[in-house]
Asker: 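Would you mind keeping the following structure in view while I ask a few things?
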Amino acid sequence: MRQRAARDQKRLDSGAVTSPKDLENLQRELASLAKRQGDLEDVVLEVMERREAAQERAAELTGRVAAIQAKVDDATARRDAAYAEIDAEAASVTKERELTVADIPEALVKLYDRIRAKEGGVGAARLYQRRCEGCRLELNITELNEVRAAAADAVVRCENCGRILVRTPDSGL
């Protein structure tokens, strides 16, 4: 467009156009070209401004993404450390359980595991002040008399929840 305008201006300046009508048409075309060029330059400026704003926004978002990714990485590292700690603790507890279970009769261990699976992870409960701490219910007098009468090494179970009752001096017997 600039080349065409320069060429038309050169024709106009050279005096090659003699007819007034051609001269008027050439001047009109130059004005039209100048207006179109101005409009296009305005569009280019607007596009450049929008591009700059978009680049600033992209830089801002890139920074935010980096910050969020850093938080995600930190959370992942903490989660992995917690998993490692849990795994180590589970291995330690499993080893302790194996050592403890070695001294307990196999039938009692099987009973405990079966009750524990059925009762949500708790297979035995302390009998504390005539109350089963597994189901939190107080044993009635008949049940208490049966527990009192049982041998010290006998396996006693709660009538309400079925858990193995662990008798202590605080049992209230």
Side-chain angles (χ1 to χ4, degrees), residues 1-102 104 109-126 128-129 131-138 157-158 160-166:
M1 191 177 312
R2 288 182 182 151
Q3 290 174 352
R4 185 173 174 189
R7 187 184 56 210
D8 287 349
Q9 186 63 43
K10 196 180 217 183
R11 270 181 66 202
L12 186 65
D13 292 343
S14 70
V17 180
T18 55
S19 132
K21 189 174 183 181
D22 287 342
L23 186 60
E24 186 181 326
N25 285 339
L26 194 57
Q27 287 175 338
R28 220 178 291 135
E29 185 176 341
L30 280 171
S32 172
L33 286 172
K35 183 182 179 317
R36 281 184 56 199
Q37 183 176 352
D39 291 345
L40 289 175
E41 286 173 351
D42 289 345
V43 168
V44 167
L45 284 175
E46 183 182 330
V47 168
M48 288 172 63
E49 288 173 356
R50 288 194 341 215
R51 179 179 170 221
E52 185 177 310
Q55 286 174 331
E56 288 173 5
R57 180 75 173 144
E60 175 192 339
L61 292 176
T62 300
R64 288 175 62 188
V65 165
I68 291 171
Q69 187 60 48
K71 287 180 182 179
V72 167
D73 292 344
D74 179 54
T76 300
R78 285 186 287 127
R79 180 206 61 201
D80 291 345
Y83 278 158
E85 187 177 318
I86 290 168
D87 289 344
E89 187 176 344
S92 171
V93 168
T94 300
K95 187 73 169 174
E96 264 184 64
R97 184 178 193 276
E98 288 173 2
L99 294 174
T100 303
V101 168
I104 300 174
V109 172
K110 285 182 180 179
L111 173 65
Y112 171 80
D113 286 338
R114 189 178 74 240
I115 295 170
R116 186 173 65 121
K118 178 183 166 202
E119 295 296 331
V122 180
R126 179 172 73 151
Y128 181 72
Q129 296 181 354
R131 182 179 301 267
C132 170
E133 289 195 339
C135 62
R136 305 276 187 217
L137 296 176
E138 190 170 317
R157 295 179 61 183
C158 176
N160 298 306
C161 65
R163 291 184 176 94
I164 299 170
L165 291 174
V166 178

Asker: In terms of heavy-atom contacts, does CD of E85 have more than 12 from other residues, nucleotides or ligands at under 6.0 Å?
Answerer: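 No, not enclosed.
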Asker: To the nearest 0.5 Å, tell me how far D42 CG sits from Q37 CD.
Answerer: 11.0 Å
Asker: Without swapping roles, check the side chain of T76 against the backbone of V72 for a donor-acceptor pair under 3.5 Å.
Answerer: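 Yes.
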Asker: Are the side chains of L137 and C132 in touch, meaning some heavy atoms are under 4.5 Å apart?
Answerer: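 No, too far: nothing below the 4.5 Å cut-off.
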Asker: If we only count heavy atoms from C-beta on, is the L111 to R157 side-chain gap below 4.5 Å?
Answerer: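 They are in contact (side-chain heavy atoms under 4.5 Å apart), so the answer is yes.
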Asker: Kindly indicate whether the side chain of E60, heavy atoms from C-beta on, has any atom under 4.5 Å from the side chain of R64.
Answerer: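 The answer is yes, as the side chains (C-beta and beyond) meet within the 4.5 Å cut-off.
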Asker: Calculate, to the nearest 0.5 Å, the distance between atoms OG1 and CG belonging to T94 and L99 respectively.
Answerer: 11.0 Å
Asker: Please indicate whether E89 has more than 12 foreign heavy atoms, meaning atoms of other residues, nucleotides or ligands, lying under 6.0 Å from its CD.
Answerer: no
Asker: If I compare all heavy atoms of N160 with all of C135, which pair ends up nearest, and what's the gap?
Answerer: CB-SG, 3.9 Å
Asker: Please round to the nearest 0.5 Å and tell me the distance separating atom CD of E29 and atom CZ of R36.
Answerer: 9.5 Å
Asker: Determine the minimum heavy-atom distance between T100 and I104, stating which atoms define it.
Answerer: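 Nearest heavy atoms, T100 then I104: O-CG1, 3.6 Å.
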Asker: With rounding to the nearest 0.5 Å, note down the distance linking CD1 in I115 to SG in C158.
Answerer: 10.5 Å
Asker: Looking only at heavy atoms, which two atoms of V122 and R116 are closest? And how far apart?
Answerer: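 Nearest pair, atom of V122 first, then R116: N-CG, 3.8 Å.
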Asker: For the residue pair V166 and A124, what are the closest heavy atoms and their distance?
Answerer: CG2-CB, 4.1 Å
Asker: Start with the C-alpha gap between R97 and D113, add the side-chain angles, then the distance that decides, and say whether salt bridge (charged side-chain N to carboxylate O under 4.0 Å, His left out) holds.
Answerer: CA-CA 12 Å; R97 184 178 193 276; D113 286 338; 2.4 Å; yes
Asker: Would you give the length of the straight line joining atom CZ of R163 to atom OH of Y112, rounded to the nearest 0.5 angstrom?
Answerer: 10.0 Å
Asker: Enter the distance from E133:CD to L165:CG here, rounded to the nearest 0.5 Å.
Answerer: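 Here the interatomic distance stands at 10.5 Å.
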Asker: Test the R131-Y128 pair against the cation-pi criterion, namely NZ or CZ under 6.0 angstrom from the six-membered ring centroid and within 45° of the ring axis.
Answerer: no
Asker: Should we count CZ of R51 as having more than 12 external heavy atoms under 6.0 Å?
Answerer: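 At most 12 heavy atoms, drawn from other residues, nucleotides or ligands, come within 6.0 Å of this atom.
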